[in-house]
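Okay, structure first, notes after.
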Number of protein chains: 2
Amino acid sequence: MSSIKELARRCGVSVATVSRVFNTPEIVSPGTRRHVLDMAAEVGYLPNESARTLATKKSNMVGLVWDTDHRRPGWRHPFLQDILVALKSALSAQGLHLLMLAPDRGAGPDSRQRFLRAVQRHNVDGVVIIDNGSRDPAVLALVDAEVPCVALDLRFTGPTCTSITSDNAGGGRLAAQHLIDRGHHRIATITGPPETWPAAERLAGFRAALTEAGQPLADADIASGDWYLDSGYAAMKRLLPRSPTAVFAAGDEMAVGAMRAIHEAGLRIPGDIAIIGFDDIEVAALVPPGLTTVAQDKTGIGTAAAEAIVAMLLGSPAPAEPTTLPTALITRGST
Amino acid sequence: MSSIKELARRCGVSVATVSRVFNTPEIVSPGTRRHVLDMAAEVGYLPNESARTLATKKSNMVGLVWDTDHRRPGWRHPFLQDILVALKSALSAQGLHLLMLAPDRGAGPDSRQRFLRAVQRHNVDGVVIIDNGSRDPAVLALVDAEVPCVALDLRFTGPTCTSITSDNAGGGRLAAQHLIDRGHHRIATITGPPETWPAAERLAGFRAALTEAGQPLADADIASGDWYLDSGYAAMKRLLPRSPTAVFAAGDEMAVGAMRAIHEAGLRIPGDIAIIGFDDIEVAALVPPGLTTVAQDKTGIGTAAAEAIVAMLLGSPAPAEPTTLPTALITRGST
DNA sequence: CATGGCAATGTAACCGGTTTCATGAAACCG
DNA sequence: CGGTTTCATGAAACCGGTTACATTGCCATG
C-alpha cells in the first residue's frame, strides 16, 4: 500500500506536488500532472482518507442518526428502506459515504451527547436524522451544536438545520376531497400520535378541506393511533359505533388494521365503509381490494435529503422552511 | 475542541500517558488515571478517530457493501431493513459503526475495484455484503484481497470470508412436509433464479422431501421467477394447466403474485389450491387469507453477521462453512 | 549495600496526508 | 535590459493520535 511519499519519490517530485495533483490539479503543470497520475495508476496509489480527514477536518462522510434501539419508537417503518436507498444513492453520486452512527459508548445510552460525540470524533460533515417525531434530546444536541442537519419528517430548524417532508397537509386535503367526491357525508379519521408533526398536519389538511366543503369533522369522529397496525384496528373499533361511511387513516399500516376491524364487524369495503390511507407502502397494493392511499414520494425524500445536505456542505444556509414534496392520490379498490 | 496535547498539558502529564489512560488503563497508576479522566470529562475531550485510525490502521468501522444502483439486481428486498437494523444494533453494541460504502469515484462504475478502493481508503476493518446472488466481480475483489467479509445469503468462502444464511434446504423440506401432511398429491413449485444459491437450496430441500415421501417432483411442475411479484404471477399462470392442488413459492412476493393469478383463474385459496411461501415478509400476514410461509429469522441473520465479523476482527479464522439459521413454519390461512 | 527487576512515565518517531510560505525560473513590461 | 509578475515547485510545519524505547524511582533480594 503505497503512500504519498513513496509516490513522490518514484516521480521525482515533492509530496506537495503529488497532493496538488489530486486536489488542485489546475495549478500543476500538465506534464508533471500526467506523469504523477500515470505512476499513481501503476502503483495503485490511493490517498488515505483518515490522513486527509485529519488534515482537513472534512471526512466526506454524512452521518445517519437512526436510533434502532428497540426501546425507542420510530425505528421501523416499512418505507424507510426506500428512503434510505435513495439517500445513499444520491450521496454516493456525490462521492459521499453514509455512516450509520452507533451511539457513543463513552456517553451513557441515554446521554444527550451520544450522537454528538460520535459525530465529533469522526469529523462527520453533516447528518441526516430519521427519528419519527420523538423530539429526542440527543438529536436536539446536534442542532444546538450547529452540526449541519437534515431531518426527515421532523420539524427542526436552526442556523444549520433544515427538514424534508411530504406535503402532509396537502395530502390530508387530497384524502378529504376524494371522499367528498365519492359522495360521503359521514366521515371519520384515524390520526397518528397527535403530538407528531406529520400527524398534526395531515389532520389539519383533512379537517380544513372538510370544513370548506361544509362538512366539519366532529371530535368524536377522530381516533388516534401510533402508526402501527394494531392501533389502527383498535381505533376503528372505537369509530364503528359512529357508523361512518368513509374513514381516512393517516398511515397505511393503521388503514390495514382498520380494514381488518371492518371485516370482523361483518361490513364490506368499500360498499359499507370506504377507506383511504396515507404513505403507499408496499402492502397497500396487495391487500384486497387494494387500498386507496395518499402516496409519499419516498425516493424523492431520500434524494431531497441528500441534496439538502450537499448544499449545506457547500456553504448554503439552511433553508428555514422545510422542503416539501408533493403527495399523490392513488386510487384503488377501497374507495 | 481540545486535543490530547491540550489535555496532557492541563494534567501535567505527557501525551503518552493520556493515550494510555484511554487505551491501556491498567498500566497507568490509579491516581493519574483518575485525574486524567476527570479532566477529560471537564474539558470534553474526545479522541479524534481519524488520527487514531491513521496511527493504528483500525477504524472501528464495518463497511456495508450494498449496491443500490438501480441498474443492478438485488438491492431491494422487503426484509433487508429488518436485517439491517439488527446488524446495526449488534455492531453498535460493540462500538462499531456501519459505513455504507459509496462505490469509489476514481474507479469506473463497473470497475472491479470500486468497493475495494473505498474499503482501503477508509481503513474499513471488515465488510458485510448484501448482494442477492449476483456474483459481482467487485465483491469477489474484496474476497480476493482478503478483506474480512461476511456475505449474506451468498456462498462465498475464502481465508477471510464467510457467510450467513437461513437453512434454505431445511425450509424447503418444511414446506414439502407441510403440504404432504395436508394430504396434497399434485404439488408444484415456483423457484427463484435457479443459479442463485438460496433458490437452489430451497428447491433441493423441497424436492428431496417430496421424493422421500414417494411423490417425486416432475420438471413440468417447476416454474421459476426472479423473486418479485410479477414473476410469481407469470409463473403461476404457467403452472395452472397442470392443475396442482398445492404450490410452494420460494419467496413470499412471488407467492402473492401467484395468489393473484389463482384468484384471477376463479380458483379459491386454499380450497382449490393451497399455497405456501418463503421469507415471512410483512405482507404475508396481511394478505387474505394469510399466507402460510417458511419464516426466515431476519433479526437472527443481522445479529449473526455482526457476530461473525466481530469474531474475525478479533482474530478468529473465517468459518469455512456458512452459519446456518433455522427456519420456522408459520401456518396461516392459505394452506 | 550494591543490584536487578518492575512499575510508571516521558521522549520522540511515526502514521499519511494538506497547506503556508519561500524560492527559482520564465514571461512581461516600459 | 533591469525589475516586477506569474507560474510551478519544494521545504517544513502541522493535523492528533499511538507506541517503541529510554528513563526514573522504588522495592526486594543476596
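The structure displayed is predicted, hence computed values, not measured ones. Proteins get letters first, then strands, A, B, ... in listed order; numbering begins at 1 in each.
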Are side-chain heavy atoms of B:Trp66 and B:Leu80 found at a separation under 4.5 Å?
yes
Minimum side-chain heavy-atom gap A:Met312-A:Thr162 below 4.5 Å
yes
Below 4.5 Å, heavy atoms only, C-beta onward: do B:Arg112 and B:Leu140 meet side chain to side chain?
yes
Can you check the B:Asn123 CG to C:dC15 C1' distance for me, whole Å?
10 Å
Begin with the C-alpha distance, continue with both residues' side-chain angles, and end with the deciding distance and a verdict on side-chain contact (heavy atoms from CB on, under 4.5 Å) for B:Ser3 and B:Asn48.
CA-CA 8 Å; B:Ser3 73; B:Asn48 180 311; over 6 Å; no
Pick one: which of B:Thr53, B:Asn123, B:Val124, B:Asp125 meets side chain to side chain contact (heavy atoms under 4.5 Å, CB included) with B:Lys58?
B:Asp125
With a non-hydrogen cut-off below 4.0 angstrom, is A:Phe22 in contact with a base, only sugar-phosphate, or nothing?
nothing
Over 60° means perpendicular and under 30° means parallel, so tell me whether B:Phe22 and B:Tyr45 are parallel, tilted or perpendicular.
tilted
Along DNA chain C (nearest heavy atom to each residue), the more 5'-positioned of B:Gly12 and B:Lys57
B:Gly12
Contact class for B:Val13 (heavy atom, under 4.0 Å): base, sugar-phosphate, or nothing?
sugar-phosphate
Give the residues of residues 94-106 of chain B touching DNA chain C, defined as any heavy atom closer than 4.0 Å, sorted by residue number.
none
Would you check if the side chain of A:His122 reaches a backbone N or O of A:Ala118 as a donor-acceptor pair within less than 3.5 Å?
yes
Can you tell me how far P of D:dG17 sits from CG of B:Asn23, to the nearest Å?
11 Å
Under a 4.5 Å cut-off applied to non-hydrogen side-chain atoms, are B:Val150 and B:Val62 in contact?
no
Tell me, please, which residues at least two apart from A:Val21 pass side chain to side chain contact (heavy atoms under 4.5 Å, CB included).
A:Val28, A:Arg33, A:Val36, A:Leu37
Integer-rounded Å distance: C:dT9 C1' and B:Arg9 CZ
19 Å
Atom-to-atom span, NZ of A:Lys58 to C1' of C:dG17 - whole angstrom:
16 Å
What is the nucleic acid contact for B:Thr17, judged by heavy atoms within less than 4.0 Å: base, sugar-phosphate only, or nothing?
sugar-phosphate
Nearest-angstrom distance from the residue atom CD1 of A:Ile4 to C1' of C:dC14
16 Å
Looking across every strand, which nucleic acid part, if any, lies under 4.0 Å from B:Thr56 by heavy atom: base, sugar-phosphate, or nothing?
sugar-phosphate
Side chain to side chain contact (heavy atoms under 4.5 Å, CB included) with A:Val128: which of A:Leu64, A:Leu84, A:Ile164?
A:Leu64
For the pair made of CD in A:Glu6 and C1' in C:dC15, what is the distance, rounded to whole Å?
15 Å
End-to-end bend of the helix from C:dC1-D:dG30 to C:dG30-D:dC1 (five-pair axes, 10° rounding)?
50°
Rounded off to whole Å, could you give me the CG-to-P distance for the A:Asn48 and D:dT18 pair?
16 Å
Contact check, side chains of A:Asp38 and A:Glu42, non-hydrogen atoms, under 4.5 Å:
no
When the distance from CZ of A:Arg52 to C1' of D:dG17 is rounded to whole Å, what number comes out?
20 Å
A:Leu46/B:Gln113 under side-chain contact (heavy atoms from CB on, under 4.5 Å): CA gap, chis, key distance, verdict
CA-CA 12 Å; A:Leu46 292 176; B:Gln113 310 293 326; over 6 Å; no
Selection from D:dG16, C:dG17, D:dT19 that lies nearest to any side-chain heavy atom of A:Pro47
C:dG17
Could you give the side-chain donor-acceptor pairs of residues 99-108 of chain A under 3.5 Å, partners two or more places apart or in another chain?
unit_1   : atom_1 : unit_2   : atom_2 : d
A:Asp104 : OD1    : A:Arg121 : NH1    : 3.4
A:Asp104 : OD2    : A:Gly106 : N      : 2.9
A:Asp104 : OD2    : A:Ala107 : N      : 3.2
A:Asp104 : OD2    : A:Arg117 : NE     : 2.9
A:Arg105 : NH2    : B:Ala93  : O      : 3.1

Sort me out a list of protein N/O and nucleotides 20-26 of chain C N/O pairs below 3.5 Å, or just none if empty.
unit_1 : atom_1 : unit_2  : atom_2 : d
C:dT20 : O4     : A:Arg20 : NH2    : 3.4

If I take atom OG1 from residue B:Thr17 and atom CD1 from residue B:Ile4, how far apart are they, to the nearest 0.5 angstrom?
9.5 Å
What residues from residues 29-38 of chain B pass a heavy-atom cutoff of under 4.0 Å to DNA chain D?
none
